[in-house]
Chemist: 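Can you keep this structure in mind? I'll have questions shortly.
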Amino acid sequence: MTEPARLIADYVRRLRWSLQAIPAEDRAGLTREIESHLTDSLAAGRDSLDAAIAAMGPPHALAARYVQEFRLAGALGDDRPAPLIRAMLVRSGRSAAAFGAVLAAMLLYLFALCFAAVAMAKPLFPSHVGLWSLPQGSAFGILTDPPAAPEMMGLWVLPLGLAGALACYALATMVLRGAGRHVLLSFH
């Protein structure tokens with residue numbers, strides 16, 4: 001085996017080992033693709049092979065990018081937001097879009113939780129939950145010391161709180177999925 005062929009075989013072996021987090025079939029396809037690319041580069045000359053390896057970086061770094069892409073693509077296909085949040089958090093260290101999307105989504109999920117808490121608390125503590133109009137502005141939510149002013153929404157807080165919770169949850173998930181697709185496209 002020539003020295004360039006040994007270099008290719010060693011690179012592909014270390015890449016295959018670093019891709020253990022990816023299923024065997026996908027791992028085999030990726031390593032075949034990289035091996036083919038390096039072999040084609042060697043056919044153009046040793047300098048071309050060295051340039052191709054330098055452009056790809058160390059095998060473990062290339063594998064980490066592929067694993068991230070694999071996990072993000074899998075999370076986009078999942079109905080639950082938690083895997084997508086995890087995948088985007090991993091990516092947020094290198095992507096302002098991923099960081100902003102995770103931050104915006106977390107705030108929207110927090111609002112969803114607050115709206116749901118208001119809706120669930122109304123039947124339990126009817127005089128402490130609602131919307132009040134005060135001279136200095138409005139007060140909405142769960143208050144430990146409600147004002148003497150009449151509460152304006154009554155039981156309408158229930159459906160409106162639930163609708164607000166669902167809207168915030170849906171919007172947060174849309175933000176994460178849109179940013180996830182954007183980040184996934186930027187891998188290539």
Chemist: Name all pairs fulfilling the salt bridge (Lys or Arg N to Asp or Glu O under 4.0 Å) condition that reach into residues 108-126, sequence neighbours left out, sorted by first residue then second.
Modeler: K122-E151

Chemist: To the nearest 0.5 Å, what is the distance between CD (E33) and CG (L38)?
Modeler: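 Rounded to the nearest 0.5 Å, the CD-CG separation comes out at 10.5 Å.
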
Chemist: Could you give the distance from OH (Y11) to CD1 (I8), rounded to the nearest 0.5 Å?
Modeler: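 Y11 OH to I8 CD1: 11.5 Å, rounded to 0.5 Å.
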
Chemist: What side-chain donor-acceptor pairs closer than 3.5 Å can you find for residues 156-181, not counting sequence neighbours?
Modeler:
unit_1 : atom_1 : unit_2 : atom_2 : d
T173   : OG1    : Y109   : OH     : 2.9
T173   : OG1    : Y169   : O      : 2.9
R177   : NH1    : L76    : O      : 2.8
R177   : NH1    : D78    : O      : 3.4
R177   : NH2    : D78    : O      : 2.6

Chemist: Any side-chain heavy-atom pair from L7 and L42 closer than 4.5 angstrom?
Modeler: no

Chemist: How about CD on Q20, more than 12 heavy atoms from neighbouring residues, nucleotides or ligands closer than 6.0 Å, or not?
Modeler: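 For Q20, atom CD is crowded (more than 12 foreign heavy atoms under 6.0 Å).
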
Chemist: Are L62 and L49 connected into the same hydrophobic cluster when the rule is that any two of I, L, V, M, F, W, Y join if their side-chain heavy atoms are below 4.5 Å apart?
Modeler: yes

Chemist: Decide whether V102 and F99 are clustered together by the hydrophobic rule: side chain heavy atoms of Ile, Leu, Val, Met, Phe, Trp, Tyr closer than 4.5 Å, transitively.
Modeler: no

Chemist: Residues in side chain to side chain contact (heavy atoms under 4.5 Å, CB included) with L30, at least two apart?
Modeler: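 For L30, the residues satisfying side chain to side chain contact (heavy atoms under 4.5 Å, CB included) (neighbours in sequence not counted) are L19, I22, Y66.
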
Chemist: Determine, stepwise, if the pair R13 / D10 fulfils side-chain contact (heavy atoms from CB on, under 4.5 Å).
Modeler: CA-CA 5 Å; R13 179 185 54 76; D10 184 54; 2.3 Å; yes

Chemist: Going by side-chain contact (heavy atoms from CB on, under 4.5 Å), L72 matches just one of V67, V90, L84. Which one?
Modeler: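 Result for side-chain contact (heavy atoms from CB on, under 4.5 Å) with L72: L84.
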
Chemist: Verify, without hydrogens or angle tests, whether S36 (side chain) and R32 (backbone) share a donor-acceptor contact under 3.5 angstrom.
Modeler: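 Not a single qualifying donor-acceptor pair exists.
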
Chemist: In this structure, would I53 and I34 fall into the same cluster of hydrophobic residues linked by side-chain contacts under 4.5 Å?
Modeler: yes

Chemist: Closest approach of R65 and M56, non-hydrogen atoms and distance?
Modeler: NH2-O, 2.9 Å

Chemist: Could you pull out the closest heavy-atom pair between A87 and A75, with the gap in Å?
Modeler: CB-CB, 4.2 Å

Chemist: Which atom pairs, one a donor and one an acceptor, fall under 3.5 Å between side chains of residues 125-146 and the rest of the protein, sequence neighbours left out?
Modeler:
unit_1 : atom_1 : unit_2 : atom_2 : d
H128   : ND1    : L143   : O      : 2.9
H128   : ND1    : T144   : O      : 3.3

Chemist: Could you tell me whether the side chain of T31 and the main chain of A28 form a donor-acceptor pair under 3.5 Å?
Modeler: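 Present.
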
Chemist: Listed by chain and number, what are the salt bridge (charged side-chain N to carboxylate O under 4.0 Å, His left out) partners of D40, not counting sequence neighbours?
Modeler: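 Salt bridge (charged side-chain N to carboxylate O under 4.0 Å, His left out) check on D40 returns nothing, list empty.
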
Chemist: What distance separates R14 CZ from S18 OG, expressed to the nearest 0.5 Å?
Modeler: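 Result: 8.0 Å between the selected atoms.
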
Chemist: Could you grab the distance from atom CD1 of I85 to atom CE of M106, nearest 0.5 Å is fine?
Modeler: 5.0 Å

Chemist: Do you know which two heavy atoms are closest between M88 and A98, and how far apart they sit?
Modeler: CE-CA, 3.6 Å

Chemist: Look at atom CG of L89 and say whether more than 12 heavy atoms of other residues, nucleotides or ligands are closer to it than 6.0 Å.
Modeler: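 Yes, because the 6.0 Å sphere around CG of L89 holds more than 12 heavy atoms from other groups.
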
Chemist: Within the structure provided, determine whether W17 and P59 are in side-chain contact (heavy-atom separation under 4.5 Å).
Modeler: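 Not touching, per the 4.5 Å side-chain cut-off.
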
Chemist: Side chain to side chain donor-acceptor pair (under 3.5 Å): which pairs involve residues 44-62, sequence neighbours left out?
Modeler: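 As it turns out, the side chain to side chain donor-acceptor pair (under 3.5 Å) pairs with a partner in residues 44-62, which skip direct neighbours, are E3-R46, R46-D50.
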
Chemist: If Ile, Leu, Val, Met, Phe, Trp and Tyr residues are connected whenever their side-chain heavy atoms lie under 4.5 Å apart, and connections chain through other members, are M152 and V118 in the same group?
Modeler: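 Yes, because M152 and V118 connect within a single hydrophobic cluster, where side-chain heavy atoms sit under 4.5 Å apart.
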
